[in-house]
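Comments concern the structure below.
First listed ligand is number 1; within each ligand, the first listed atom is number 1.
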Amino acid sequence: MNICVYKDAEAIGTAAAALFAACVTQNPRCVLGLATGSSPLPTYQKMAEMYRAGAVDFSGVTTYNLDEYVGIDHTHAQSYYCFMMENLFRHINVKQENIHVPSGVAPDLEKECADYEAAIEAAGGIDLQILGIGRNGHIAFNEPSDSFPPATHTVELTESTINANKRFFASADDVPRRAVTTGIGTIMKARAIVLVATGADKAEAVRAMAKGPVTPRCPASILQFHPRATILLDEAAASLL
Ligand code: F6R
């Protein structure tokens with residue numbers, strides 16, 4: 001993995017957005033893998049700025065998001081679909097029909113997972129995937145476990161993740177307990193990956209990811225085996241390396 005340390009979240013956002021701009025410029029019909037949460041927000045702001053400046057055209061791009069809460073539909077304000085609309089999609093010219101976020105309310109969630117995985121493959125696979133990292137080392141909603149999940153699946157969220165995400169909800173009790181998430185296998189098939197992390201509360205997870213053993217107890221550690229994984233950190237997140 002290629003680890004770069006920047007002075008702050010804005011500088012990380014500029015660097016990550018440049019990777020997206022390069023991907024879209026090289027292949028205007030590329031497939032982008034996107035994440036929610038706080039970490040990618042500066043990247044999305046920079047991508048929107050580049051679009052407004054006429055530097056990047058997203059009209060041919062297809063997007064697949066990593067995950068969605070179970071039991072929350074895409075009109076719900078806390079859905080990851082709404083998050084993406086609010087923070088990226090409505091600020092760039094990606095076509096509505098090219099946007100994909102898994103459904104957390106599909107009547108048959110197993111089928112939804114299989115269909116989502118198949119749709120990514122049918123689209124030609126993900127060219128560039130952005131990731132954040134959980135304090136427990138999760139990527140997407142692949143929580144620490146005994147094995148690396150190969151494909152899109154449903155998962156029970158850990159207390160650590162529920163606690164970290166309660167800031168988006170009225171209370172911890174309102175945070176859904178389950179999610180649909182792409183698997184570690186899905187993520188590792190991306191041709192290139194950029195993981196962004198800031199702040200001291202991510203330092204231990206970043207250390208385990210980059211310097212610890214490759215183990216499903218720290219799902220992000222699998223990125224040590226990705227040939228094109230770029231890790232963008234601020235000094236606080238890099239402080240235990
Ligand atoms: C979001 C996702 C999660 C987050 C992670 C970090 O789609 O899949 O893995 O990337 O929980 O979240 P933040 O960036 O809010 O610290």
Side-chain angles (χ1 to χ4, degrees), residues 8-10 12-13 16 32-45 63-70 72 74 76 78-89 99-104 113 116 120 126 128-145 148-149 151-169 172 175-188 190 193-206 208-209 216 218-223 229-234 236-238:
D8 57 22
E10 194 188 345
I12 292 172
L32 302 180
L34 301 176
T36 60
S38 307
S39 305
L41 288 178
T43 305
Y44 296 159
Q45 279 158 15
T63 71
Y64 285 89
N65 262 80
L66 288 170
D67 38 25
E68 181 60 278
Y69 290 117
V70 166
I72 277 191
H74 285 174
H76 190 291
Q78 266 72 45
S79 69
Y80 282 174
Y81 182 88
C82 278
F83 178 99
M84 291 306 301
M85 276 296 164
E86 196 51 41
N87 291 295
L88 181 66
F89 297 145
I99 292 170
H100 304 89
V101 180
S103 166
C113 292
Y116 198 73
I120 294 174
I126 288 167
L128 177 60
Q129 174 70 61
I130 190 167
L131 299 174
I133 183 171
R135 284 175 225 172
N136 61 3
H138 74 215
I139 48 176
F141 275 136
N142 295 283
E143 302 282 24
S145 74
F148 291 114
T152 305
H153 60 292
T154 58
V155 67
E156 301 290 328
L157 301 181
T158 61
E159 278 311 308
S160 155
T161 299
I162 290 164
N163 266 323
N165 290 3
K166 70 181 180 206
R167 68 192 191 279
F168 297 113
F169 293 82
V175 184
R177 267 40 194 173
R178 290 174 71 213
V180 173
T181 180
T182 51
I184 293 293
T186 325
I187 292 168
M188 288 296 280
I193 293 176
V194 55
L195 182 144
V196 292
T198 55
D201 61 336
K202 297 291 176 72
E204 177 47 36
V206 166
M209 165 183 72
C218 175
S221 63
I222 194 77
L223 299 178
T230 302
I231 314 297
L232 306 182
L233 307 172
D234 68 358

- Tell me which protein heavy atom sits closest to atom 16 (O) of ligand 1, plus the residue, atom name and distance to 0.1 Å. Lys202 NZ, 2.6 Å
- Message: Any non-hydrogen side-chain atom of Pro144 less than 4.5 Å from a side-chain atom of Pro216?
- Response: no
- Task: For the residue pair Tyr64 and Thr152, establish whether any side-chain heavy-atom pair is separated by less than 4.5 Å.
- Result: no
- Contact check, side chains of Thr181 and Thr154, non-hydrogen atoms, under 4.5 Å: no
- Query: Just how far is it from atom OG of Ser38 to atom CZ of Arg167, taken to the nearest 0.5 Å?
  - Reply: 3.5 Å
- Message: With respect to Ser39, determine whether any N or O atom, backbone or side chain, lies less than 3.5 Å from an N or O atom of ligand 1.
- Response: yes
- Query: For atom 1 (C) of ligand 1, what is the nearest protein heavy atom, given as residue, atom name and distance?
  - Reply: Thr36 OG1, 3.1 Å
- Distance flag, aromatic centroids of Tyr69 and Phe169, threshold under 6.0 Å: yes
- Task: Ignoring hydrogens, just give me the one of Ala205, Ala35, Ala140 whose non-hydrogen atom is nearest atom 3 (C) of ligand 1.
- Result: Ala140
Could you list the donor-acceptor pairs under 3.5 angstrom formed between side-chain atoms of residues 128-138 and any protein atom two or more places apart in sequence or on another chain?
residue : atom : partner : partner atom : Å
Gln129  : NE2  : Gly33   : O            : 3.3
Arg135  : NE   : Asp201  : OD2          : 3.3
Asn136  : OD1  : His138  : N            : 3.1
Asn136  : OD1  : His138  : ND1          : 3.3
Asn136  : ND2  : Glu143  : OE1          : 2.9
Asn136  : ND2  : Thr158  : OG1          : 3.4
His138  : ND1  : Glu143  : OE1          : 3.0
His138  : ND1  : Thr161  : OG1          : 3.1

- Partners meeting side-chain contact (heavy atoms from CB on, under 4.5 Å) with Thr198 (sequence neighbours left out): Ala9, Ile12, Asp234
- Query: If you count the atoms of ligand 1 from 1 in the order shown, which ones are under 4.0 Å from a heavy atom of Gly132?
  - Reply: 10 (O)
- Proximal atoms of ligand 1 relative to Leu66 (non-hydrogen, under 4.0 Å): 8 (O)
- Message: Counting C-beta onward and ignoring hydrogens, is there a side-chain heavy-atom pair between Val194 and Ile231 closer than 4.5 Å?
- Response: no
- Tell me which protein heavy atom sits closest to atom 2 (C) of ligand 1, plus the residue, atom name and distance to 0.1 Å. Asp67 OD2, 3.4 Å
- Could you list the atoms of ligand 1 found under 4.0 angstrom from a heavy atom of Ser38? 13 (P), 14 (O), 15 (O)
- Answer yes if the side chains of Asn65 and Tyr81 hold a donor-acceptor pair under 3.5 Å, and no otherwise. no
- Backbone or side chain, does any N or O of Pro40 fall under 3.5 Å from an N or O of ligand 1? no
- Message: Students should be able to answer this: which protein heavy-atom is nearest to atom 6 (C) of ligand 1, and at what distance?
- Response: Ile133 O, 3.5 Å
- Give the contacting part of Leu131 toward ligand 1: side chain, backbone, both or neither, where contact means a heavy-atom distance below 4.0 Å. neither
- Task: Name the closest protein heavy atom to atom 5 (C) of ligand 1, giving the residue it belongs to and the distance to 0.1 Å.
- Result: His138 NE2, 3.4 Å
- Item | ligand 1-proximal atoms of Arg167, by part, heavy-atom distance under 4.0 Å | side chain
